[in-house]
Amino acid sequence: MSLYVGLDVGTQSVKLVAYDPEARQVAATIGHALELAAGDDGSREQRAEWWIDAIRSCFARLDPALRERVVAIGVSGQQHGFVPLDRDGNVLAPAKLWCDTSTAAECDLIMDAVGGAQRSIELAGNPILVGYTASKLPWTRKHRSQAYAQLAAIMLPHDYVNFWLTGERWMECGDASGTGWLDVRNRRWSEEMLRATDPDRDLAALLPPLVEADATFPIAAHIADALGLPRNVRVSAGGGDNMMAAIGTGNVTPGVLSMSLGTSGTLFAYSDRAMVDEAGRWAAFCDSTGGWLPLICTMNCTVATEAVGKLCSFSTKEGDALLSGTRPGADGLLMLPFLNGERTPNLPNGRGSLFGMTTTNFTVANLYRAAMEGAVYSLKNGYDAFVDAGMRFEAIRLTGGGSHSAVWRQMVADVFGLPVDVPEQAEGAAFGAALQALWATSRAQGGGSDLAALAAAHVRLEPRLSAHPHAEATAAYAAQYARFLSHLDAIRPLYA
């Protein structure tokens, strides 16, 4: 009868999934939309209280009888965000998010301070890319000097939610990998990268202690009462949304490739060793199970299709029907959908581009298809780096909003030339957080420690949503993808 709750604090919404492991069923799924403050300088911010208000709303809408059954909570959070706190735990400024590109110059300043991008990779396993937490510190020091002067604690979004739930501070290595400060090979902070971010301050003293992936903490009594939960609820270590989505899609053993189609697009795979690329073509992250998670991230996925839908006054829910009369390659219309700047390829100052327009192909349907194709081609560009490194995959497990679309699913299968499977639980990050809470609670009680076995038992695929590549479409996409790469090379100097 026990329930395990996963909370996914994303960019667009907070989602709550309540899972009953005995019945192997999700008892409830609840969501609450979030605002996003965007600026012309590339800034993307949210207020931490918006997340808390959304969490309160989700629990308020959860049946009281279900709330009484909650045993543990796991929190998944959007990566890289910077939540600055003072010594009393008060938030000092809006949280700068993963998709914030206003700190691109600070990335270069930090890497220059340690001797360049290659030296950053040697020290921590990753260069400092746009959006990473590290670059937000010098930006805040310059633009919000009063907040920086009062800074007493550095938190990521999921850390802050954990802090609100428990009153305790901690960070786990998966989400910590995205700060730019964690030495991912050895799972410890890099003193050199911290000094490069601020040579005049001991930033390590402001960071929460690192904990193991199976750690749990007691919920604060007043928060349990406010949410209508039992006071003996435990809160697991949690992790970044990609790390939680890996668990939620069963990606906890080598050979599985997961793809998340949300505001951002991500590709990730499990590894039992640190997967660091000397050229920095992927993020060499730890995961939230004790392993590693080589990851490709694009900053423009459903962002691109939603922008076209808004421009042309239709809902993306109508997108599949709109594309029924179009063909792979969008009749030659090609979009490089870098509306938010881009991380893969690394063009933080990049902008969207549209090529190949003619009087016959420039239609709403082809424009929408070009946006969708461009988002998938960006992910394919990252996938090629995985393949170059010798990684091999037999299928893709799809999650995120795009997984609900038959056209997205078939397009991914055709572009990548791999079968696509979709887990029954579409909210991969929230479901993964619930499974991590189940795993950690079981470990704390002396139960089984095999997360792979637990994932195999609880992550089920929905065969009706599977897609298989069609040779003719794969060939058409390959030709358009070659054009994508050619145009990408052509525009790089414009945004260097």
Side-chain angles (χ1 to χ4, degrees), residues 6-9 48 51 73-87 89 91-92 95-98 123-126 128 131-137 140 151-191 193-194 197-198 201-220 234-247 274 283-293 295 429 432-433 436-437 439-440:
L7 290 172
D8 179 33
V9 182
W51 307 331
I73 298 172
V75 178
S76 159
Q78 49 177 300
Q79 289 195 259
H80 312 309
F82 172 42
V83 186
L85 303 185
D86 66 15
R87 67 180 62 224
V91 179
L92 292 164
K96 295 185 79 63
L97 306 182
W98 64 272
L123 290 169
N126 293 292
I128 303 295
Y132 281 22
T133 315
S135 64
K136 297 172 171 62
L137 274 289
T140 301
L151 182 65
I154 297 168
M155 289 192 176
L156 304 174
H158 115 268
D159 303 325
Y160 178 73
V161 173
N162 284 337
F163 174 67
W164 177 76
L165 286 169
T166 67
E168 299 187 49
R169 298 171 55 222
W170 75 85
M171 192 179 288
E172 56 77 50
C173 291
D175 210 6
S177 303
T179 62
W181 298 313
L182 190 75
D183 174 358
V184 299
R185 299 176 183 89
N186 299 299
R187 284 181 145 81
R188 64 189 180 206
W189 299 117
S190 167
E191 295 179 4
M193 296 306 299
L194 289 167
T197 304
D198 188 342
R201 197 163 187 181
D202 181 11
L203 294 183
L206 309 185
L207 288 164
L210 294 168
V211 301
E212 297 296 330
D214 61 353
T216 68
F217 301 82
I219 193 170
R234 304 290 294 185
V235 178
S236 67
D241 51 3
N242 293 303
M243 291 75 195
M244 294 296 104
I247 298 173
F285 288 167
C286 302
D287 74 357
S288 295
T289 75
W292 284 264
L293 193 79
L295 179 143
Q436 192 212 44
W439 171 63

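Positions are given from 1, in the same order as the sequence printed here. This structure is a prediction, so every number in the text was calculated from the model and none was measured.
- With hydrogens and angles ignored, the 3.5 Å screen pairs no side-chain donor or acceptor of Thr166 with any backbone N or O of Pro218.
- Between the side chains of Asp183 and Asn186, a donor-acceptor pair is found at a separation under 3.5 Å.
- With hydrogens and angles disregarded, no donor-acceptor distance shorter than 3.5 Å links the side chain of Asn162 to the backbone of Asp159.
- Shown here is Glu212, whose CD atom has no more than 12 heavy atoms of other residues, nucleotides or ligands within 6.0 Å.
- When all heavy atoms of Ser177 and Asn126 are compared, the closest pair comes out as O-ND2, 4.3 Å.
- At least one side-chain heavy atom of Leu194 sits less than 4.5 Å from a side-chain heavy atom of Leu207.
- To the nearest 0.5 angstrom, Glu172 atom CD is 7.0 Å from Gln436 atom CD.
- Here the side chains of Leu137 and Asp198 are not in contact, with every heavy-atom distance at 4.5 Å or above.
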Tell me, with the steps shown, if Thr197 and Leu203 meet side-chain contact (heavy atoms from CB on, under 4.5 Å). CA-CA 8 Å; Thr197 304; Leu203 294 183; 3.8 Å; yes

Residues Trp181, Leu123; criterion side-chain contact (heavy atoms from CB on, under 4.5 Å); working and verdict: CA-CA 9 Å; Trp181 298 313; Leu123 290 169; over 6 Å; no

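- To the nearest 0.5 angstrom, Leu151 atom CG is 8.0 Å from Thr140 atom OG1.
- Of all heavy-atom pairs spanning Leu85 and Met155, the tightest one is CD1-SD, 3.6 Å.
- We find the OG-CH2 distance between Ser288 and Trp439 to be 9.0 Å, quoted to the nearest 0.5 Å.
- The heavy-atom pair separating Ala152 from Arg87 by the smallest distance is CB-N, 3.4 Å.
- Taking the centre and axis of the six-membered ring of Trp292, the NZ or CZ atom of Arg185 falls outside the cone set by 45° and 6.0 Å.
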Ser76 and Val9: side-chain contact (heavy atoms from CB on, under 4.5 Å), yes or no, with the steps? CA-CA 6 Å; Ser76 159; Val9 182; over 6 Å; no

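- Looking only at side-chain heavy atoms (C-beta outward), Asp214 and Thr289 stay at 4.5 Å or farther from each other.
- One finds the CG atom of Leu293 at 9.5 Å from the SG atom of Cys286 (value rounded to the nearest 0.5 Å).
- In this structure, Met193 CE and Glu191 CD are separated by 13.0 Å, a value rounded to the nearest 0.5 Å.
- Under the ring-ring contact (aromatic ring centres under 6.0 Å, His included) criterion, Tyr132 pairs with His80, not counting sequence neighbours.
- Residues forming a ring-ring contact (aromatic ring centres under 6.0 Å, His included) with Trp170 (at least two apart in sequence, or on another chain): Phe217.
- Considering every non-hydrogen atom in both Gly240 and His158, the closest pair reads N-ND1, 4.5 Å.
- Atoms NZ and OG1, on Lys136 and Thr179 in that order, are 10.5 Å from each other to the nearest 0.5 Å.
- Closest heavy-atom contact between Ala215 and Ala440: O-CB, 4.2 Å.
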Derivation and outcome, side-chain contact (heavy atoms from CB on, under 4.5 Å), residues Tyr160 and Val91: CA-CA 9 Å; Tyr160 178 73; Val91 179; 3.7 Å; yes

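- Minimum heavy-atom separation, Gln79 to Asp241: CG-OD1, 3.7 Å.
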